[in-house]
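When a residue number appears, it is its place in the shown sequence, counting from 1.
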Amino acid sequence: MRVFKFGGASVKDAAGIRNVHDLLEQVGYEDVLLVVSAMGKTTNALEVVIKDYFDKSPALKASVQEVKKYHNEIIMDLFEDEKQEVFGAVNKLFGDLEYFLENNKSPNYNFVYDQVVSYGELISTSILAHYMNFKAIDTQWIDVRNFIKTNANYRDAEVDWEATQNNISKNIKRKKLNITQGFLGSDDNNFTTTLGREGSDYTAAIFAYCLNAESVTIWKDVPGVMNADPRYFENASLLNQISYREAIELAFYGATVIHPKTLQPLQKKEIPLYVKSFINPLLKGTSVSKGTALEPYLPCFIVKRNQLLISLSSIDFSFIMEEHISEIFSLFHQYKLKVNLIQNSAISFSVCVEDKFDNFKEMNTILSKKFKVDFTENVTLYTIRHFNDTAAETVENGKKVILKQVSKETMQIITSEN
């Protein structure tokens with residue numbers, strides 16, 4: 001079985017849905033499982049719904065209606081006959097969403113978040129599956145929550161691999177097109193969980209691992225994995241081949257083409273990963289597999305914006321010892337701050353972190369009792385793999401460099417714009 005993953009950009013409108021159909025006609029769809037994200041910016045729109053819900057805003061109904069209108073316009077473009085089953089299926093999903101918003105009693109933001117945003121994937125895959133059947137492709141729609149089981153760590157759930165393996169290996173029907181949702185799972189109480197933002201890639205890897213798949217292909221709006229984000233760097237180049245190890249390094253430092261958790265299960269079974277263009281599906285794209293580390297061999301640039309640089313020093317000028325560092329990292333874990341760079345000296349300790357859940361202010365109250373805390377918000381972290389002098393100059397030109405760290409293969413530079 002081959003596993004294909006389509007992100008939100010590939011199914012953002014009716015033309016995108018038609019393109020997925022045409023792509024499958026070109027590359028084949030028998031014994032294929034599609035993992036599909038929410039359409040376009042639907043997750044962002046549902047985050048507005050969640051905000052209105054917690055704010056008890058009168059705009060709540062309007063924000064839900066906006067999401068409904070967006071999807072209904074796509075359906076109307078794809079299906080002229082309103083008697084098609086897709087209309088009832090999607091209306092039922094929106095009815096379930098509205099019922100939850102009216103009857104939920106939990107004040108837990110992360111729990112509510114997962115229950116609400118999941119409708120983006122459920123609706124997009126329902127529309128896509130109905131369209132494939134409409135186009136005479138025998139398609140099975142699968143609710144991923146019945147297959148991927150997790151703990152109850154909402155918004156960043158961990159997979160129960162034993163239960164998930166058992167569900168997938170026994171219940172996926174081969175020799176047809178299967179369509180399921182990325183990003184989602186469910187806990188022991190069958191409440192919806194999510195695997196972290198951009199977790200659809202990870203979903204594809206989970207299914208591939210459990211099915212011993214032939215390959216995974218991530219279909220993007222770019223030709224493959226580039227050595228830099230074209231939005232930030234001119235003359236970005238396509239990487240034809242990356243080893244698992246190199247791809248894991250790039251993902252660790254924040255490369256956004258491949259989700260950080262995606263690669264480990266694929267490497268364990270040496271399942272090749274391809275990153276290809278849904279615009280030109282017959283182009284070769286990028287292969288991630290066992291073998292050549294990087295081809296062509298070029299500096300690779302990774303940019304992480306809106307970072308927080310924290311500098312800690314002891315109040316009495318004593319050394320920052322192991323027990324202090326252990327305590328600091330325990331707080332980072334507790335408050336869910338992701339550490340992207342570490343630099344320490346005898347009496348100071350600096351970290352560049354990502355405060356995705358806006359928890360630093362609360363954590364700082366605790367840190368300040370034991371340490372002198374300085375911090376700089378909205379810095380940018382550049383990572384250059386296989387750096388050279390020209391690559392470093394490209395990053396540093398016109399910027400204020402706050403911190404630089406160099407190892408054998410990697411240079412990291414924290415800057416603020418002048």
Side-chain angles (χ1 to χ4, degrees), residues 1-40 42-43 46 67-68 70-97 117-148 167-168 171-186 192 199-201 203-204 206-208 211 213 216-219 278 281:
M1 175 173 275
R2 292 176 295 162
V3 177
F4 293 169
K5 181 262 177 173
F6 290 93
S10 63
V11 291
K12 65 181 180 181
D13 51 26
I17 297 289
R18 293 190 182 97
N19 184 66
V20 171
H21 169 266
D22 295 344
L23 182 154
L24 293 173
E25 292 282 4
Q26 293 180 72
V27 303
Y29 50 80
E30 186 176 280
D31 204 18
V32 168
L33 184 141
L34 303 189
V35 174
V36 183
S37 300
M39 292 176 159
T42 297
T43 300
L46 288 169
V67 180
K68 187 183 295 188
Y70 169 67
H71 288 89
N72 282 339
E73 286 176 351
I74 293 173
I75 297 171
M76 291 296 293
D77 196 334
L78 293 170
F79 305 92
E80 294 181 2
D81 183 1
E82 293 191 18
K83 294 181 181 178
Q84 291 286 335
E85 291 181 358
V86 65
F87 290 93
V90 171
N91 281 336
K92 182 183 182 307
L93 288 169
F94 275 110
D96 292 344
L97 169 59
V117 298
S118 63
Y119 283 94
E121 278 73 17
L122 294 168
I123 293 164
S124 70
T125 53
S126 181
I127 293 171
L128 182 61
H130 278 91
Y131 184 72
M132 293 301 161
N133 281 315
F134 175 69
K135 299 295 285 187
I137 295 177
D138 187 18
T139 302
Q140 175 176 260
W141 182 87
I142 295 167
D143 188 336
V144 72
R145 298 171 298 179
N146 296 329
F147 292 84
I148 295 181
N167 292 338
I168 291 174
N171 296 301
I172 295 296
K173 295 179 181 177
R174 296 177 181 263
K175 302 302 179 186
K176 67 189 312 181
L177 178 65
N178 296 273
I179 296 180
T180 196
Q181 306 78 39
F183 183 49
L184 310 181
S186 68
T192 303
S200 293
D201 291 359
T203 304
I206 294 167
F207 274 97
L211 292 166
V216 174
T217 303
I218 298 175
W219 297 97
F278 62 71

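- With rounding to the nearest 0.5 Å, the separation of CD1 in Ile218 from CG in Asp201 is 3.5 Å.
- Looking at Phe183 and Ser37, their side chains never come closer than 4.5 Å, going by heavy atoms from C-beta outward.
- Note that the CG atom of Leu46 and the OG atom of Ser118 stand 8.5 Å from one another [nearest 0.5 Å].
- Side-chain atoms of Asn178 come within 3.5 Å of backbone atoms of Lys173 as a donor-acceptor pair (strictly under, hydrogens ignored).
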Item to complete: Would you please test Arg145 and Leu122 for side-chain contact (heavy atoms from CB on, under 4.5 Å) and show each step?
Response: CA-CA 10 Å; Arg145 298 171 298 179; Leu122 294 168; 3.7 Å; yes

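- Listed for the Asp77 side chain is no donor-acceptor partner under 3.5 Å among the backbone atoms of Ala14.
- Using a 3.5 Å distance cut-off with no hydrogens or angles, the side chains of Trp141 and Ser126 do not pair a donor with an acceptor.
- Between Glu121 and Gly182, the shortest heavy-atom contact is CG-O, 3.3 Å.
- Using a 4.5 Å cut-off on side-chain heavy atoms (C-beta onward), Leu33 and Val35 make contact.
- Looking at Asp22 and Arg18, no side-chain N of the basic residue comes within less than 4.0 Å of a carboxylate O on the acidic one, giving no salt bridge.
- By the neighbour-count criterion of 12 heavy atoms within 6.0 Å, atom CD of Glu25 is densely surrounded, having more than that number from other residues, nucleotides or ligands.
- With hydrogens and angles disregarded, a donor-acceptor distance shorter than 3.5 Å links the side chain of His71 to the backbone of Val67.
- Side-chain atoms of Tyr70 and Met39, non-hydrogen and from C-beta on, do get closer than 4.5 Å to each other.
- For the residue pair Ser186 / Thr192, no side-chain donor-acceptor distance below 3.5 Å is found, with atom types taken as modelled.
- For the atom pair NZ (Lys135) and CG (Leu78), the distance works out to 10.0 Å, reported to the nearest 0.5 Å.
- Here the shortest heavy-atom pairing between Phe87 and Phe79 reads CZ-O, 3.7 Å.
- Taking all atoms of both residues into account, the shortest heavy-atom contact from Ala89 to His130 is CB-CE1, 3.7 Å.
- With contacts defined as side-chain heavy-atom distances shorter than 4.5 Å, the pair Val27/Phe4 qualifies.
- In this structure, the ring of Phe278 has its center no less than 6.0 angstrom from the ring center of Phe6.
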Fill in: Derivation and outcome, side-chain contact (heavy atoms from CB on, under 4.5 Å), residues Ile179 and Met132
CA-CA 10 Å; Ile179 296 180; Met132 293 301 161; 4.1 Å; yes

Discussion item. For a side-chain contact (heavy atoms from CB on, under 4.5 Å) check, start with the C-alpha distance between Trp219 and Lys5, then their side-chain angles and the critical distance, and finish with the verdict.
Written reply: CA-CA 6 Å; Trp219 297 97; Lys5 181 262 177 173; over 6 Å; no

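- A distance-only check finds no donor-acceptor pair linking the side chain of Thr125 to the backbone of Gln181 [under 3.5 Å].
- Using a 4.5 Å cut-off on side-chain heavy atoms (C-beta onward), Asn167 and Asn146 make no contact.
- Across every non-hydrogen atom of Ala38 and Ser124, the tightest pair is CA-OG, 3.9 Å.
- Residues Val36 and Thr180 have side chains not in contact (no heavy-atom distance under 4.5 Å, counting atoms from C-beta outward).
- Side chain of Arg174 to backbone of Glu30: no donor-acceptor contact under 3.5 angstrom is found.
- Phe134 contributes atom CZ, which lies 10.0 Å from atom NE2 of His21 (distance to the nearest 0.5 angstrom).
- Phe147 places a side-chain heavy atom less than 4.5 Å from the side chain of Asn171.
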Item to complete: Mind running side-chain contact (heavy atoms from CB on, under 4.5 Å) on Val11 and Asn19 for me, showing each step along the way?
Response: CA-CA 8 Å; Val11 291; Asn19 184 66; over 6 Å; no

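- Of the inter-residue distances, the one linking Ile17 atom CD1 with Ser10 atom OG reads 8.0 Å to the nearest 0.5 angstrom.
- Tyr119 has its side chain out of reach of Thr42: every pair of non-hydrogen atoms, C-beta onward, lies at least 4.5 Å apart.
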